[in-house]
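Following: one structure in structure tokens, then a few remarks.
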Protein chains: 2
Amino acid sequence: MSNIRAVAKKAGVSIATVSRAFTNPEKVSKPSLKKVMDAVEAVGYRPNMMARNFRSAKAYAVVVLVPDFANLFFTKVIRAIQETAIKNGYNILLGETRDSMEREAEYIKLVETRQADGVIQLSPHTPDRDLLPHPHIHAVAACGATGTPYTSVRMDHVAASFAIVNYLVSMGHKRIGCITGLEKNPHSIDRLEGYKTALAQAGIEFDPELLFEGDFTMSSGHAGGDYFAQFDNIPSAIFCMNDEMAAGAIKALRENNLNVPQDVSIVGFDDLAFATYTDPAITTIRQPAEEMGKKAMQLLLQLMDGKELNQQEYILKHEFVLRESVQPYKG
Amino acid sequence: MSNIRAVAKKAGVSIATVSRAFTNPEKVSKPSLKKVMDAVEAVGYRPNMMARNFRSAKAYAVVVLVPDFANLFFTKVIRAIQETAIKNGYNILLGETRDSMEREAEYIKLVETRQADGVIQLSPHTPDRDLLPHPHIHAVAACGATGTPYTSVRMDHVAASFAIVNYLVSMGHKRIGCITGLEKNPHSIDRLEGYKTALAQAGIEFDPELLFEGDFTMSSGHAGGDYFAQFDNIPSAIFCMNDEMAAGAIKALRENNLNVPQDVSIVGFDDLAFATYTDPAITTIRQPAEEMGKKAMQLLLQLMDGKELNQQEYILKHEFVLRESVQPYKG
DNA sequence: CTGTTAGCGCATTCAA
DNA sequence: TTGAATGCGCTAACAG
């Protein structure tokens, strides 16, 4: 637990020289530098970052607000954020909000109390209950939906879900069920819009009976599969708003002696790693998770650096991933 | 960005009184307290935790070293650690090591440089390449295997894998394949021992051909399934050392026209959430993930508090989870 | 190129 | 019960 003074003493120089040896080595003469480094070695010195950060009034940390970190999609995003942060000398403080405003407030307090310098918000924005944007707090939203009123990097969920539902239509499906996320979730709203648009464009009438409200978990997908299996007139295809619900639905359908894709076609959303290993592998939309995480962190870095951004919305491209869970409609 | 001085001035008291109002309110008179609180409100004061922590020489943060945080098992553990930490006023810094010593060193440096006060290590201990235990660094290992030379909370993996392989034996299986983790991984070693012991006790000769080395990922489980499907004499059951590999193996077997459990029985390990939603649902061993995380954090808290622990090893109980992936052997 | 010095925001002694 | 003063470890401004 030696400090800068101990090093200075040992090296026979001033503490300023020791400090410079770390932050501006080029401003220190060769001999001094060597003396300092030897002394550092000798006394086993490690700069106290708490003191350094305190002095420079920067915590070199950002909090990442994530609704649920057992969700593999967020896991991918967080990893990318983390890597970008580390490269730039920042740490991340993970805050799992579980849709609780109290928890969210708790974590935002970390930046109010200077334990963190900024926030990345991974929950989609909801105007009535969102704490961000917050005056004086640097924040960027990632993976959100339309209508985020501050810097955000996201996908076009309307276009993406249009694309995948349209694919089902192009395979001849007309009666297409949909397992949504929670009704008020902005992602649900955007993706539902894509779904409706694809139907409308194909001249298929929208039928509210064909909507099942899930919550993005496997178990809700399972419930959705059960729901559709009870129909007299079972939909020939189901659009699940994420891969986890797709996996749950596939399981439930099979329990009802309905095979995917022979009896019912299924599509998902996200392209999580396991989507390849379900049976059948899930045809889905890949969200550019890593790119979004990386970009979000880079933007936050700029914001914290006092830079002005010339865009508020950064839209990244989705990708259609064709696998095995869809078959053409056969009469 | 007002500071304690601004509050003191506004309240007409000294900064010492303001400070006390926060840390020892009972040592401040009622009127003073009110004046302070009003002033806090008026100037929008938030204590600067960086300064406070610096002053008290505690970061109130711990780093959690995790091999892979896209692994749902670790996710459960981390969540429990996180909750326990928050309750006690600590934050966690997540460090994904991906089995790289450099990264691990990087994160351990966070405590050497006083950005964190302790470490929880979730990778199993390997004597030749492990940075912990480290002199002067408070650390506890969680979810490890036998032979951790510092405070650890874990399960008995030998007993657990014995139990599940023994279950296969009791169902009449004699030719039992095994998809392991990496050969040198301590968990692989422990679980392999359980496997061998169960076989030995049943008088079944151990056959190295029946071992396939995976790495705990779905894709390696898939490779393992492929491997066993090529046998002339296909094993009637396979013990997969985690659920993810079990899911991959099930998929590969089915691609080879082998159904689980009709043609081959499968068991897993961990009891991840998705083990219920695979088809068939996986019979497995539940690791007490939450309990281990919580306990580990509690122990670390005690260590950081200067307390001596009266045990070095805390062993938690596993649980056998019966589902659908096993059928009796039918000659 | 180097040293002296002030001060970041706070908790904590010591007197009063 | 309160206030004045000190210093945690470091960086940065300034003078030399």
Side-chain angles (χ1 to χ4, degrees), chain A residues 1-40 43-61 89 109-117 136, chain B residues 1-40 43-61 89 109-117 136:
Chain A
M1 295 298 161
S2 51
N3 59 21
I4 199 171
R5 236 176 306 271
V7 178
K9 192 171 172 188
K10 183 82 180 182
V13 299
S14 72
I15 61 168
T17 299
V18 177
S19 177
R20 274 189 291 258
F22 278 90
T23 51
N24 285 88
E26 72 279 7
K27 299 209 162 189
V28 175
S29 70
K30 273 268 158 57
S32 291
L33 199 57
K34 179 162 170 36
K35 280 193 290 182
V36 170
M37 289 318 172
D38 289 348
V40 164
V43 304
Y45 171 71
R46 296 303 219 162
N48 180 330
M49 295 307 263
M50 256 205 290
R52 180 180 286 184
N53 293 350
F54 164 54
R55 177 60 234 242
S56 58
K58 295 202 62 178
Y60 289 100
K109 202 186 284 172
L110 290 179
V111 0
E112 291 176 333
T113 61
R114 258 64 47 101
Q115 311 217 71
D117 308 310
H136 311 125
Chain B
M1 295 299 161
S2 50
N3 60 21
I4 199 171
R5 236 175 307 268
V7 178
K9 193 170 170 190
K10 184 82 180 180
V13 299
S14 72
I15 62 167
T17 300
V18 177
S19 177
R20 275 189 289 256
F22 278 91
T23 53
N24 285 87
E26 72 279 7
K27 299 211 163 189
V28 176
S29 70
K30 272 269 159 56
S32 291
L33 199 57
K34 178 163 170 38
K35 279 193 290 181
V36 169
M37 289 319 172
D38 289 349
V40 164
V43 304
Y45 172 71
R46 297 303 220 162
N48 180 330
M49 295 308 259
M50 256 205 290
R52 180 180 287 184
N53 293 349
F54 164 53
R55 176 60 232 248
S56 61
K58 294 201 64 175
Y60 290 100
K109 202 186 286 173
L110 290 178
V111 1
E112 292 177 333
T113 60
R114 259 62 47 100
Q115 312 218 71
D117 308 309
H136 310 124

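Letters go in sequence order (proteins before strands), and every chain restarts at 1.
- The shortest distance between side-chain heavy atoms of Phe22(B) and Ile4(B) does not fall below 4.5 Å.
- Here dT2(D) presents its C1' atom at 17 Å from NZ of Lys30(B), a figure rounded to the nearest Å.
- Looking at residues 47-61 of chain B, you'll see Phe54(B), Arg55(B) sit with a heavy atom under 4.0 Å from some atom of DNA chain D.
- For Lys58(A), the NZ atom counts as densely surrounded, since its 6.0 Å shell holds more than 12 non-hydrogen atoms of other residues, nucleotides or ligands.
- In this entry the distance linking CD of Gln115(A) with C1' of dC10(C) reads 14 Å, nearest Å.
- The only member of Val13(B), Val18(B), Ile15(B) that meets side-chain contact (heavy atoms from CB on, under 4.5 Å) when paired with Val7(B) is Val18(B).
- Checking each of Arg114(A), Gln115(A), Glu112(A) against Asn48(B) for a side-chain contact (heavy atoms from CB on, under 4.5 Å) leaves exactly one that passes, namely Arg114(A).
- Using a 4.0 Å cut-off on heavy atoms, the residues of residues 17-29 of chain B that approach DNA chain D are Thr17(B), Arg20(B), Val28(B), Ser29(B), listed by number.
- Looking at every heavy atom in both residues, Ala8(B) comes nearest to Ser14(B) through CB-C, 3.7 Å.
- In this entry the distance linking CD1 of Ile15(B) with P of dG7(D) reads 15 Å, nearest Å.
- Rounded to an integer number of Å, the gap from CZ of Arg5(B) to C1' of dA4(D) is 12 Å.
- Residue Asn3(B) contributes atom CG, which lies 14 Å from atom P of dG7(C) at whole-angstrom precision.
- Residues that satisfy the side chain to side chain contact (heavy atoms under 4.5 Å, CB included) test with Arg55(A), not counting sequence neighbours, are absent from this structure.
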